[in-house]
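What follows is one structure encoded as structure tokens, with my remarks underneath.
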Amino acid sequence: DDARALSASALGFVERSIAELFSAAGERSRAEEALARATEIYRMAEDDAGVASCLALRSEWWVAPASSALVRNLVIADAAFPSSELTWNIEAVEGGAEDVDLPQGRAALEEALRLYERAGRFRGAASVLLRLAHVARLEGQLDRQLALAKEAQGRFTDAGDPLHAHLAV
């Protein structure tokens, strides 16, 4: 109720956050329901950046099921363990292209890029370019991967985000 009192976009953010939490908990169907609600709320509010953020999140589920395309689907080991070694089954998921839907993921990312650019959200657009670089890598388009990562790096830098610019390298 508090989010509704702020704005429709705030409610969309809450639903999108719920989707992320359900996804992290392995509750994919509930995550998809929450993300559908968030997307619809953002569309009704005519919030292009909000819709783009939902598309980017959905694309993660299609192209980086282990973690995030922003970090090339790599899983970060929990600091509570004595080593950073991952089990073989996690390592297999990180580098593989099984269980991914590249056409769906790419289409969602291309639409997210268009919406972020239309909204003037250049940092969001840079994050999508970095995700598209991951898709290009999975498709074996290494020159395109490098070009997209370099473009993302430049846009992060232009947006005043040196940490993400470094991530793109």
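Worth saying up front: this structure is predicted, and the values here are computed from it rather than measured. Hydrogens, waters and symmetry mates play no part in the numbers below; they use all other heavy atoms, side chains included.
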Which heavy atom of [X] sits nearest a heavy atom of [Y], and at what distance?
X	Y	answer
Arg28	Trp61	NH1-CB, 3.4 Å
Ala165	Gln153	O-CG, 3.5 Å
Gln145	Ala133	CG-O, 3.3 Å
Ile41	Gly12	CG2-N, 3.6 Å
Ser59	Ala56	OG-O, 2.6 Å
Ala119	Asp48	CB-CB, 4.0 Å

Quick check for you: to the nearest 0.5 Å, what is the distance between [X] atom [atom1] and [Y] atom [atom2]?
X	Y	atom1	atom2	value
Arg155	His164	CZ	NE2	15.5 Å
Ser127	Arg121	OG	CZ	12.0 Å
Glu139	His134	CD	NE2	10.0 Å
Leu35	Glu33	CG	CD	11.0 Å
Glu110	Leu55	CD	CG	11.5 Å
Leu138	Arg106	CG	CZ	10.5 Å

Do [X] and [Y] share a hydrophobic cluster, counting only Ile, Leu, Val, Met, Phe, Trp and Tyr and linking them when any side-chain heavy atoms are less than 4.5 Å apart?
X	Y	answer
Leu113	Leu109	yes
Leu57	Val128	no
Leu102	Leu148	yes
Val51	Leu129	no
Val63	Leu115	no

ask   = Hey, does the side chain of Ser23 reach the backbone of Glu20 with a donor-acceptor pair shorter than 3.5 angstrom?
value = no
task = Ignoring hydrogens and angles, tell me if any N or O in the side chain of Arg16 forms a donor-acceptor pair with the backbone of Ser53 under 3.5 Å.
result =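 Checked: pair present.
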Salt-bridge criterion met for Glu111 and Arg114 (N-O under 4.0 Å) =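 A salt bridge is present here (some side-chain N lies under 4.0 Å from a carboxylate O).
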message = Please check if the number of heavy atoms outside Arg37 that lie under 6.0 Å from its CZ is greater than 12.
response = yes
ask   = Hey, is CZ on Phe22 packed in by over 12 heavy atoms from elsewhere, all under 6.0 Å?
value = yes
Heavy-atom check, side chain of Phe156 versus side chain of Pro162, under 4.5 Å =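 Side chain of Phe156 against side chain of Pro162, heavy atoms only: no contact under 4.5 Å found.
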task = Apply side-chain contact (heavy atoms from CB on, under 4.5 Å) to Lys150 and Leu146, showing your working.
result = CA-CA 6 Å; Lys150 185 107 176 126; Leu146 293 172; over 6 Å; no
